[in-house]
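Predicted, not measured: the structure shown is a model, and the values here were computed from it. Lettering follows sequence order; numbering is per chain, from 1.
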Amino acid sequence: MNSSLLGPMKFLGREYESPIWAASGCYGWYVEAQDGEFLPQKNLGAVVLKGLSFEAERGAPQPRIWEMGEGLGLVNAIGLQNPGFDKFKTDYLNRFLKTQKPKHPLWLNIYGKKTEEYVKLIKSLVGEIENLDVKGSQGVFAGFEINISCPNVEKGGLEFSQDLSVLNKLLTEIKLVSRNWPILVKFSAAESSSGILEKAKICADSGISGITLCNTLPARPPKGKIGRGSGGLSGPTLKLQSLRLIESVAGKCGDLKIVACGGIDGLEAAGQAQSAGAEIFQVGTQVLRDPWFFDRLK
Amino acid sequence: MNSSLLGPMKFLGREYESPIWAASGCYGWYVEAQDGEFLPQKNLGAVVLKGLSFEAERGAPQPRIWEMGEGLGLVNAIGLQNPGFDKFKTDYLNRFLKTQKPKHPLWLNIYGKKTEEYVKLIKSLVGEIENLDVKGSQGVFAGFEINISCPNVEKGGLEFSQDLSVLNKLLTEIKLVSRNWPILVKFSAAESSSGILEKAKICADSGISGITLCNTLPARPPKGKIGRGSGGLSGPTLKLQSLRLIESVAGKCGDLKIVACGGIDGLEAAGQAQSAGAEIFQVGTQVLRDPWFFDRLK
Amino acid sequence: MADVNGNELLSFHAKSWSEWPGRLVKPPRRGSEIDFHFNIEVPGFRAWTPGQFVMLRWGQHLTGRPFAIFEWKQAGPNSSQLHLLIRNAGEGTAEFIKNAQAQDLVWVRGPLGQVPFAADLTEDLRPWIFLSEGARLAGVFAMIHLRRKLQLQQQLPTDFWWHTETRKEFMDAEIHSRAYVKPDAIGFSETQILIPENLDLTKYSKVIAVGSEDFQNSWAKLANQYSNLDGNLWLRRDAPMACGIGLCFSCTVETAQGPQRSCLEGPWFEGSLK
Amino acid sequence: MADVNGNELLSFHAKSWSEWPGRLVKPPRRGSEIDFHFNIEVPGFRAWTPGQFVMLRWGQHLTGRPFAIFEWKQAGPNSSQLHLLIRNAGEGTAEFIKNAQAQDLVWVRGPLGQVPFAADLTEDLRPWIFLSEGARLAGVFAMIHLRRKLQLQQQLPTDFWWHTETRKEFMDAEIHSRAYVKPDAIGFSETQILIPENLDLTKYSKVIAVGSEDFQNSWAKLANQYSNLDGNLWLRRDAPMACGIGLCFSCTVETAQGPQRSCLEGPWFEGSLK
Ligand SMILES: Cc1cc2nc3c(=O)[nH]c(=O)nc-3n(C[C@H](O)[C@H](O)[C@H](O)COP(=O)(O)OP(=O)(O)OC[C@H]3O[C@@H](n4cnc5c(N)ncnc54)[C@H](O)[C@@H]3O)c2cc1C
Ligand SMILES: Cc1cc2nc3c(=O)[nH]c(=O)nc-3n(C[C@H](O)[C@H](O)[C@H](O)COP(=O)(O)OP(=O)(O)OC[C@H]3O[C@@H](n4cnc5c(N)ncnc54)[C@H](O)[C@@H]3O)c2cc1C
Ligand SMILES: Cc1cc2nc3c(=O)[nH]c(=O)nc-3n(C[C@H](O)[C@H](O)[C@H](O)COP(=O)(O)O)c2cc1C
Ligand SMILES: Cc1cc2nc3c(=O)[nH]c(=O)nc-3n(C[C@H](O)[C@H](O)[C@H](O)COP(=O)(O)O)c2cc1C
Ligand code: FES
Ligand code: FES
């Protein structure tokens, strides 16, 4: 089963060289790899770019990472640092579309502090991209991944994912402006097994293409280890959360696709996520550990 | 700070030899220790007995435990196996109250599938105990810890902790029958940081004495590793969940006490939980690893 | 009870256990393709009963793993040598077998478990038969060894049926294991559980079996047809264990007496499998 | 650029890095009470610049840790010797220093980071001053070493100010580290950052500093009073790193140019600390 997992495949109407992708936040803005030593990589199906918001975000204070024990997990609070739409357009988007086409399909990871920020950003991006890029399977961009584990300033900081009606409204509005681009919704590892099923159904009903299971698990390391106080746990332990969430929804939401993410560190782990019901396997922490991870797979 | 943590202390009106306790499910029914090799133990403040329900429960199919990696964490699905009230009374309660008094204060950990089951069980236990035991600081039993991370059959399996009005009702009814016995409410590691604060306030408003943060984190190991499919993750990684939850409520709920639980494996970890705002430190997985844990502390 | 060297070895009512930091005396020695012989120096000793086990914890693991005591000899007032036979059965044992070095630290908790028929081991003069499969030989070896040794002085007739997957596995095994197996009492099969044809169980007063669920089921089915074996069929019921001392209820198995902890009430249970 | 033995050592426009499984040549050798010298055999080599660093990953760790390249010499077509000076700074380094054995596997990713003033290192004939604190000496040592060596042939005046907590720490250090420190250019203090009195910074064309935030702040404050140092004050801005190659934004520091990744845009930044 494992070896059949590698190799070209189709997902949401597009060909990918492999179902194994780089997860958001762990492959920078892709240009680091373009400029650096480690492209092309075999077996890298696509790259999800770092989280982008409409306004620039300076991110969290240092220290931003803390490794728990030896290999237990990594806690990060990067604080979603990003250049915002305008600078993203000049620094990256134009480069990708005009001068230096990426070797891999890119997904855009999106977040906001209010529903209208998500909407404005997606609308702006779709506009820019459709202006300059071929649409469809040869295009630079493949779709949007929506990070909904963000504090909603209109709801006193409660995450978008935690209020069903807020979630419903957000997804409906995103669908309205996203002109049939594939949309993945990315959920937190902290979703309960019953909660995720309910929310996955909302996704399916809103015409969302798939869900990414999962983002990091909220965690608070001992005092002083993380500048912001608390952060998100990634790495080995997250595998059990990802598998739990995948199994909770697999086969119960029509043709809603499932993208696994969390603790994947090789083909064995990807195979387990596949048996549970996932089609795509995103790799985060393991790429930081071993940037040639994809190339080394076999 | 660490060494000052050990030693006699007062909690909810009772003296304890130490603030370090054995967590529910990891010290059996106490008689195993009474019959076995490892009592008395120094530094053991109290023992929370295994989860008890009104009706007997056979528990989950084998395998019931799986260790993730080397030291990452332990997943268990014991399925809350217990003898039920009647047999608990003959096998354990009478023994403790009549023939073989425990060397340590015992807490009773309670769960049910319906609100009325919790209520019936607590009422029956309070009746039995007040009949036979001295009340107050010399009694065998010190209080009740309410496990609310259980599927509620009246709500289609949603956990008691997940619906605020169900929780409110449960706690109110428990208070009505518990005749001023100290009550701790034990929450899942999966509670969100905002959610736990809301729920802790409900506890405080209902006259609950304290909350235990936290129970295991729902997790699904690879297929076949756990008979029931999914289970609860305990051990090292849980420390970050426990700290996160403690910090989310500390100082914000009047005099609601905080009991730390999750990944505590020594005085350093207990000290971190103390700085975060906890007064009592329960130890689970580490006791299975090293039954003489308490005795070895220094 | 003393062994050939006069060491006081066995107490049949051993109820006490302890835990020590042991050291591997040497790297594991290969028994068969997949079974390895571990020799551990333990800074202490407790009287034990054949059929009991220890929990062994090594490396970063959170919990120990249960292994039958193959042999445990006192070597001095505060030292003993513990022998185990460990099969490469999963990630933990595989890694242990591969990397274990002389002087490595291993935590030993034991002896654990009840052997309700232990007193009869040296007192019941009627024939017994022991059945085991693969590395689970370790679970009955100490008992067979004892009865064989005493047979030199008394009448303690003892048969042993050993099921291995391949003839090679059998030939690779320790010489003293093979010595106890009669030529007709060894089964090889990778695909099915072999029960010797025409085996007459009426002559045995006890059947002691340890093996996979399949193996034990096959024998239990057979044994249940013999009324002389009522109350005399003993099975070791294995389950993954975390504590080994009754605290966690990880190891509950269904028995004729209802759910029981294999580590505390067991691991030996009378009667048919549930 | 060649070293004394004629090895081609330095390329000042090194942009390429790689990753290799290295092996410790010997257990770490104690430099001072808390600093240890690591010698790693790397199955490959890349041209590097003094001031660059490597990410080193050992044991079960998920991520590497950054360490300045103290020295890196090619030994053959596919082998080189990498020297690092590592301080016991936290759990990871403490454990590494304690348990590291000859032949242990360590992953080496490097050389990493930009050294914008690297070309001037051998071309700027005006006096420079290097400042460092404790083990961070490693971060400037390769540069000092280079300028000192070339000073034998040319005019490359180089002063070095080293702050250690105790005189013992200083005396314990490698002899060649001490050799570069003038008697009046060493500060000892456990409690405060020492800046030599009457130090005249007008004579320097560059100040290169690496130390704690406090240490760097003290020097930046001083340097900012000298107009000759505008654009010529370089600080290494340390932050915990996970990837070392710009992927994760763990290492962002505030600079005059806004938030920048220490590993990719840095670690050397011009100007005052933010
Ligand atoms: C009383 C008793 C005595 C034993 N004596 C021996 C012995 O002498 N020699 C020997 O080689 N083995 C013996 N075993 C089996 C041995 O304990 C397991 O093979 C070992 O624990 C597997 O560890 P692992 O880390 O390799 O497995 P893991 O990789 O952790 O687990 C592999 C899988 O096997 C399951 N598992 C683990 N232990 C058991 C078990 N006991 N029963 C069923 N499934 C299990 C786990 O749930 C896991 O999913 C005994 C078991 C028991 C209960
Ligand atoms: C470019 C660069 C070059 C370096 N060169 C050297 C060198 O040559 N010799 C040397 O001994 N050390 C050097 N360091 C520092 C070294 O990387 C840290 O001491 C080391 O990573 C600590 O690892 P640990 O596992 O012991 O710490 P941990 O126990 O993991 O962490 C201890 C604490 O220190 C924090 N921490 C980790 N790294 C840093 C850091 N770089 N800055 C601030 N806080 C940190 C962590 O967040 C953590 O909370 C350098 C750092 C950088 C950024
Ligand atoms: C340093 C770091 C930065 C991350 N940034 C983002 C982000 O910007 N957006 C997002 O949706 N997820 C982000 N994540 C989460 C990962 O994409 C992934 O969901 C998570 O790390 C679990 O996968 P892993 O265990 O393979 O790392 C980040 C993770 C890490 C470690
Ligand atoms: C084997 C096992 C059984 C448990 N049984 C119970 C239980 O019956 N009731 C309960 O509230 N918590 C139970 N728990 C949870 C523990 O009490 C504790 O909350 C959790 O394990 C986290 O602490 P730790 O990391 O120290 O183990 C159990 C945990 C384990 C490992
Ligand atoms: S292993 Fe813990 S009760 Fe048996
Ligand atoms: S360490 Fe990852 S970006 Fe700098």
Side-chain angles (χ1 to χ4, degrees), chain A residues 22-38 47 50-51 56-83 87 225-227 231 234-236 263 265 284-293 295-296, chain D residues 14-21 44 46 55-66 89-96 99 107-114 213 237-255 258-266 273-274:
Chain A
S24 180
C26 299
Y27 222 75
W29 299 106
Y30 189 79
V31 299
E32 297 82 3
Q34 267 185 333
D35 289 344
E37 277 268 311
F38 54 106
V47 170
K50 217 174 129 44
E57 170 64 55
R58 290 184 91 82
Q62 285 288 347
R64 291 180 167 192
I65 46 160
W66 179 67
E67 187 181 330
M68 187 196 183
E70 280 199 50
L72 278 176
L74 189 70
V75 177
N76 86 78
I78 307 299
L80 290 162
Q81 181 191 340
N82 81 87
K87 210 162 151 37
K225 300 294 187 188
I226 284 287
S234 65
D265 57 2
T285 305
Q286 180 65 21
V287 175
L288 306 179
R289 180 180 163 91
D290 174 10
W292 272 291
F293 169 79
D295 215 71
R296 283 194 238 260
Chain D
K15 277 229 165 182
S16 88
W17 56 269
S18 189
E19 190 171 54
W20 305 272
R46 293 284 164 115
M55 292 291 286
L56 207 71
R57 176 162 62 79
W58 62 87
Q60 300 297 309
H61 285 291
L62 290 178
T63 62
R65 304 282 188 272
E91 278 173 40
T93 45
E95 202 275 335
F96 189 36
N99 297 325
W107 285 90
V108 176
R109 184 183 303 166
L112 303 171
Q114 320 281 330
E213 196 112 341
R237 304 287 309 286
D238 293 358
M241 297 182 178
C243 72
I245 52 177
L247 300 179
C248 70
F249 288 72
S250 300
C251 61
T252 303
V253 292
E254 290 297 328
T255 74
Q260 301 272 303
R261 282 162 291 190
S262 177
C263 72
L264 194 69
E265 283 96 22
L273 285 171
K274 280 284 152 72

*Exercise: identify the closest heavy-atom pair between A:Gln81 and D:Pro259*: NE2-CB, 3.9 Å
*Determine the option with the most heavy-atom pairs under 4.5 angstrom with chain A, choosing from D:Arg261, D:Met55, D:Arg57.*
D:Arg57
_Counting only non-hydrogen atoms closer than 4.5 Å, does A:Asp265 touch chain D with its backbone (N, CA, C, O), its side chain (CB onward), both, or neither?_
neither
*Quickly, which of A:Leu288, A:Leu74, A:Ile65 forms a side chain to side chain contact (heavy atoms under 4.5 Å, CB included) with D:Ser250? Name it, please.*
A:Ile65
*Does a side chain donor of either A:Arg289 or D:Thr63 reach within less than 3.5 Å of an acceptor in the other side chain?*
no
*Decide yes or no for A:Arg64 and D:Thr252: does some side-chain heavy atom of the first lie under 4.5 Å from some side-chain heavy atom of the second?*
yes
*Which portion of A:Pro236 sits near chain D, non-hydrogen atoms under 4.5 angstrom*: side chain
_For the CG atom of D:Leu247 and the CH2 atom of A:Trp29, what is their distance to the nearest 0.5 Å?_
12.5 Å
_Surrounding CD of D:Gln60 (heavy atoms of other residues, nucleotides or ligands, distance under 6.0 Å), is the total greater than 12?_
no
*Could you grab the distance from atom CG of A:Asn82 to atom CZ of D:Phe249, nearest 0.5 Å is fine?*
9.0 Å
_Choice from D:Arg109, D:Glu91, D:Glu19 maximising heavy atom contacts with chain A below 4.5 Å_ = D:Arg109
*asked:* With a 4.5 angstrom heavy-atom cut-off, is it the side chain or the backbone of A:Trp66 that approaches chain D, or both, or neither?
replied: neither
*Greatest number of heavy atom pairs closer than 4.5 Å to chain D - which of A:Met68, A:Glu70, A:Lys50*: A:Glu70
*Report the C-alpha separation of A:Trp292 and D:Trp17 in whole Å, then their side-chain angles, then the decisive distance to 0.1 Å, and conclude whether the ring pair (Phe, Tyr, Trp, His ring centres under 6.0 Å) test is met.*
CA-CA 12 Å; A:Trp292 272 291; D:Trp17 56 269; 5.2 Å; yes
*Looking only at heavy atoms, which two atoms of D:Cys251 and A:Gln62 are closest? And how far apart?*
C-NE2, 3.4 Å
*Spacing of D:Cys248 atom SG and A:Asn76 atom CG [to the nearest 0.5 Å]*: 8.5 Å
*D:Ile245 portion near chain A, given a 4.5 angstrom heavy-atom threshold*: both
